[in-house]
Amino acid sequence: MKRINEVMNHQPTIVGPELSLQNNAEPLLDQIEGTVEFRHVSFAYGDREVLHDINIKVEAGSSLAIVGPTGSGKTSLVNLLPRMFDASKGQVLIDNVDVRKIPLALLRRQIGYVPQETFLFSVPLAENISYGVEALSTERLQEIMQSAQLTKDVEDFPEGVTTMVGERGVTLSGGQKQRTSLARAIAKEPAILVLDDAMSSVDTHTEADILKHLQKVMQGRTTIIISHRCSTVKNLDHIVVLDEGRIVEEGTHGALLQLGGLYAEMYRRQLLSEELEDTENGDLFPGR
Ligand SMILES: Nc1ncnc2c1ncn2[C@@H]1O[C@H](COP(=O)(O)OP(=O)(O)OP(=O)(O)O)[C@@H](O)[C@H]1O
Ligand SMILES: [Mg+2]
């Protein structure tokens with residue numbers, strides 16, 4: 001009982017404005033369009049600062065890519081959006097409102113986040129996909145699975161979409177888990193879609209198919225994609241290159257190639273390693 005109470009009585013450090021500003025007369029945001037802005041954002045784990053003075057603005061409905069070597073702060077940066085953590089300095093804004101002033105339920109409902117580490121429940125596949133939303137119609141579920149390129153896999157499962165996931169059912173492959181996680185984010189129909197290295201375990205052909213279908217899903221949504229692969233990010237509206245917690249380059253794929261800096265070098269290396277190893281899995285940042 002003591003141990004259970006410890007969990008039950010734990011006070012979250014992140015609370016929504018509906019709790020912390022109970023007597024505030026200011027009306028709270030009740031809808032999200034999807035403009036995202038990081039304004040002079042720094043972030044530290046304890047006293048170790050891992051993001052330094054980040055400035056990015058993403059217009060509603062447009063797309064942003066974040067690339068950079070491992071440990072450069074990509075995950076930490078997008079974690080600030082659904083307020084897994086709060087910025088230590090500066091502001092994270094959605095529709096020009098500080099995220100700390102947006103009701104938490106609304107904020108998290110409107111962000112479809114595919115985390116780097118997928119998390120699935122030991123429940124039927126369909127429930128894993130519809131987690132957090134009301135039950136989906138059969139047609140809608142099929143449509144979502146098509147977008148996430150899951151349809152073919154599910155056909156091979158013993159009981160289709162009602163197949164149990166996990167120990168008591170089928171064990172999904174890394175790529176299947178990632179695509180289920182993607183399907184879950186799509187099912188929410190969020191204003192903002194965030195993919196954190198969400199296709200790392202998916203082969204490049206499947207990834208290309210997902211991206212093709214994702215085009216449609218991305219219509220009218222703000223999309224932020226973190227990836228180690230150039231093929232994933234090159235068609236996005238804006239690319240930001242992070243290194244050691246700072247933005248070191250930004251622009252379109254074409255502009256960054258012309259710049260001839262870090263991104264161009266990484267792209268060249270990726271093409272080279274593809275040729276050398278004859279794999280299509282070349283990593284943008286090998287060996288770092
Ligand atoms: N929960 C945490 N507590 C303390 N330090 C952390 C935590 N998570 C990440 N870090 C540190 O913050 C820095 C940035 O990590 P982050 O996970 O944001 O990098 P990343 O760019 O997403 O890397 P990768 O490409 O490997 O996913 C790293 O130095 C890492 O060690
Ligand atoms: Mg990461």
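In each ligand, atom 1 is the first atom listed, and ligand 1 is the first ligand listed. Residue numbers count from 1 along this sequence.
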Note to self: Within a 6.0 Å radius of atom CD on Glu33, are there more than 12 heavy atoms belonging to other residues, nucleotides or ligands?
What the structure shows: no
Can a non-hydrogen atom of Gly73 be found less than 4.0 Å from any atom of ligand 1?
-> yes
When Leu81, Asp86, Leu80 are each screened for side chain to side chain contact (heavy atoms under 4.5 Å, CB included) with Arg83, the one that passes is Asp86
Basic-acidic side-chain contact under 4.0 Å: Glu143, Lys216: no
Residue, atom and distance of the protein heavy atom nearest atom 10 (N) of ligand 1 read Tyr45 CE1, 3.3 Å
of all protein heavy atoms, closest to atom 24 (P) of ligand 1 is Thr70 OG1, 3.6 Å
The protein heavy atom nearest to atom 22 (O) of ligand 1 is Thr75 OG1, 2.7 Å
When distances are taken from atom 25 (O) of ligand 1, the protein heavy atom at minimum range is Lys74 NZ, 2.7 Å
Taking 4.0 angstrom as the limit, do Glu6 and Arg3 come out as a salt bridge? no
Check your understanding: From the Mg ion (ligand 2) out to just under 2.8 Å, does an N/O/S atom of Thr70 turn up?
Key -> no
When distances are taken from atom 29 (O) of ligand 1, the protein heavy atom at minimum range is Arg48 NH2, 2.8 Å
Between the side chains of Lys74 and Asp197, is the shortest nitrogen-to-carboxylate-oxygen separation below 4.0 Å, so that they form an ion pair? no
Ligand 1 to Ser72, heavy atom cutoff 4.0 Å, flagged ligand atoms 19 (O), 21 (O)
* To do: Confirm or rule out an N/O/S atom of Ser76, from backbone or side chain, lying less than 2.8 Å from the Mg ion (ligand 2).
  => no
Looking at Ser76, Gly245, Ser200, the heavy atom closest to atom 18 (O) of ligand 1 belongs to Ser76
The closest protein heavy-atom partner of atom 14 (C) of ligand 1 is Gly71 O, 3.5 Å
For Gln116, the ligand 1 atoms with a heavy-atom partner under 4.0 Å come out as 24 (P), 27 (O)
Heavy-atom nearest pair, Gln270 first then Cys230, reads OE1-CB, 3.0 Å
- Message: More than 12 heavy atoms of other residues, nucleotides or ligands under 6.0 Å from CD of Gln258: yes or no?
- Response: no
Numbered in order shown, the ligand 1 atoms found under 4.0 Å of a heavy atom of His228 are 25 (O)
When every non-hydrogen atom of Thr163 is compared with those of Val170, the smallest separation belongs to CG2-CG1, 3.6 Å
